Q: 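Below are the structure tokens for one structure; questions will follow.
The structure presented is a predicted model; accordingly, all values stated were derived computationally and were not measured. A, B, ... follow the sequence lines: proteins, then strands. Residue 1 opens every chain.
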Number of protein chains: 2
Amino acid sequence: MTIKEVCEKYDITADTLRYYERVGVIPEVTRTPGGIRDYQETDIAWVENAICFRDAGMPVEMLIEYVKLFQEGDSTIDARTNLLKEARESILEARKKYDIALEKLDYKIGRYEIAQKTGVLTWTEDEKDG
Amino acid sequence: MTIKEVCEKYDITADTLRYYERVGVIPEVTRTPGGIRDYQETDIAWVENAICFRDAGMPVEMLIEYVKLFQEGDSTIDARTNLLKEARESILEARKKYDIALEKLDYKIGRYEIAQKTGVLTWTEDEKDG
DNA sequence: TCTTGACTTGGAGTTAACTCCAAGTTGTAG
DNA sequence: CTACAACTTGGAGTTAACTCCAAGTCAAGA
């Protein structure tokens, strides 16, 4: 699979893919004899994981660390497990914040919709802001 | 409430609070006759909202837009409602991505924990990466 | 009143994560 | 064999969101 095909498949730029490889977010990609990237299934699996974890706000640094440990072999399984658990906690915490924001948003939207219908904005004592 | 007290209450730096005010993420804060910030309940409510929505990944630009609309008065209620709904959609989408990453993480952690117990890492055909 | 520490401003600097560029190479269609 | 698009690299530039700094002002305690 060429870099272009991977770009299109995952809606990501070629620059980002090359950047991920350069800094170690994914291991080095398989090449043709001429030196052009030819993504194999394994390469693609790494790309998919990288995108997935980046989408969840996991820092690039953490992904680099994981790949590094992976390449050091089975002796780093404990370290990798810890890293993943740490990532899990961060993501859970972030998600909790998303839920809180959603609650606040839903409340505000509800109040605005009433205002739109009645033409009057109603406020309680402790919400003098918008 | 002084800027320091607000910092401590919300675990945020004074620089960030001043930055939020400068760029318009929150409206101008109440001052003492000497020009020093003296946060009132309303100011604090804005700070709280800003932190909450930033924590959910809402871009500073969007918060600025909201404050601007708010300050233009009731004629912008529709625009504000739309903005909030847009924010809601983005947050929901981001949250979905967090859930996908969590699933993947849980699966990987589970597999690593088995490896730790048995000393053997088991792989299925389509997961040759770590 | 003096000192000391917290506050003020405008502007410059930093960080993470890309994103773009120039100059050169590869590979395919005619 | 020749175009020509798509690929390669190292390195520089950009963006969002802070973060720091210098030089000056304010205010509470001795």
Q: Kindly write out the residues that satisfy salt bridge (Lys or Arg N to Asp or Glu O under 4.0 Å) with Arg18(B), not counting sequence neighbours, or none if the list is empty.
A: Asp15(B)
Q: Side-chain donor-acceptor contacts of residues 23-31 of chain B below 3.5 Å, not counting sequence neighbours, with atom names and distances?
A:
| from | atom 1 | to | atom 2 | distance (Å) |
| --- | --- | --- | --- | --- |
| Thr30(B) | OG1 | Asp43(B) | OD2 | 2.8 |
| Arg31(B) | NH1 | Gly35(B) | O | 2.9 |
| Arg31(B) | NH2 | Glu21(B) | OE2 | 3.2 |

Q: Report the distance from atom NZ of Lys4(A) to atom C1' of dT8(D), rounded to the nearest whole Å.
A: 16 Å
Q: Using the ring-ring contact (aromatic ring centres under 6.0 Å, His included) definition, which of the options Phe53(A), Tyr20(A), Tyr10(A), Phe70(A) pairs with Trp46(A)?
A: Phe70(A)
Q: If we fit an axis to the first five pairs and another to the last five of the helix from dT1(C)-dA30(D) to dG30(C)-dC1(D), what angle do they make, to the nearest 10°?
A: 10°
Q: Hey, is the side chain of Arg37(B) poking within less than 4.0 Å of OP1 or OP2 on dT8(C), counting only N and O atoms?
A: yes
Q: Quick one: ring pair (Phe, Tyr, Trp, His ring centres under 6.0 Å) partners of Tyr98(B), sequence neighbours excluded?
A: Tyr98(A)
Q: Just jot down the salt bridge (Lys or Arg N to Asp or Glu O under 4.0 Å) partners of Asp38(B), sequence neighbours excluded, or say none.
A: none
Q: With a 4.0 Å heavy-atom cut-off, tell me which residues in residues 85-101 of chain B come close to DNA chain D, sorted by residue number.
A: none
Q: Can you list the residues that meet the salt bridge (Lys or Arg N to Asp or Glu O under 4.0 Å) rule with Asp78(B), with sequence neighbours excluded?
A: none
Q: Rounded to the nearest angstrom, tell me the gap between atom CG in Leu17(B) and atom P in dT8(C).
A: 10 Å
Q: Sequence neighbours left out, what passes salt bridge (Lys or Arg N to Asp or Glu O under 4.0 Å) with Asp106(A)? Give chain and number order.
A: Arg88(B)
Q: Just jot down the side chain to side chain contact (heavy atoms under 4.5 Å, CB included) partners of Glu72(A), sequence neighbours excluded, or say none.
A: Lys68(A), Leu69(A), Thr76(A)
Q: Determine, for nucleotides 16-30 of chain C in 5'-to-3' order, which nucleotides have protein heavy atoms under 4.0 Å from the base (write B), from only the sugar-phosphate (write S), or from neither (write -).
A: -BBBB-----SS---
Q: Can you sort out the partners of Lys85(A) under side chain to side chain donor-acceptor pair (under 3.5 Å), two or more places apart, ordered by chain and number?
A: Glu113(B)
Q: With sequence neighbours left out, what residues match Asn82(A) under side chain to side chain contact (heavy atoms under 4.5 Å, CB included)?
A: none
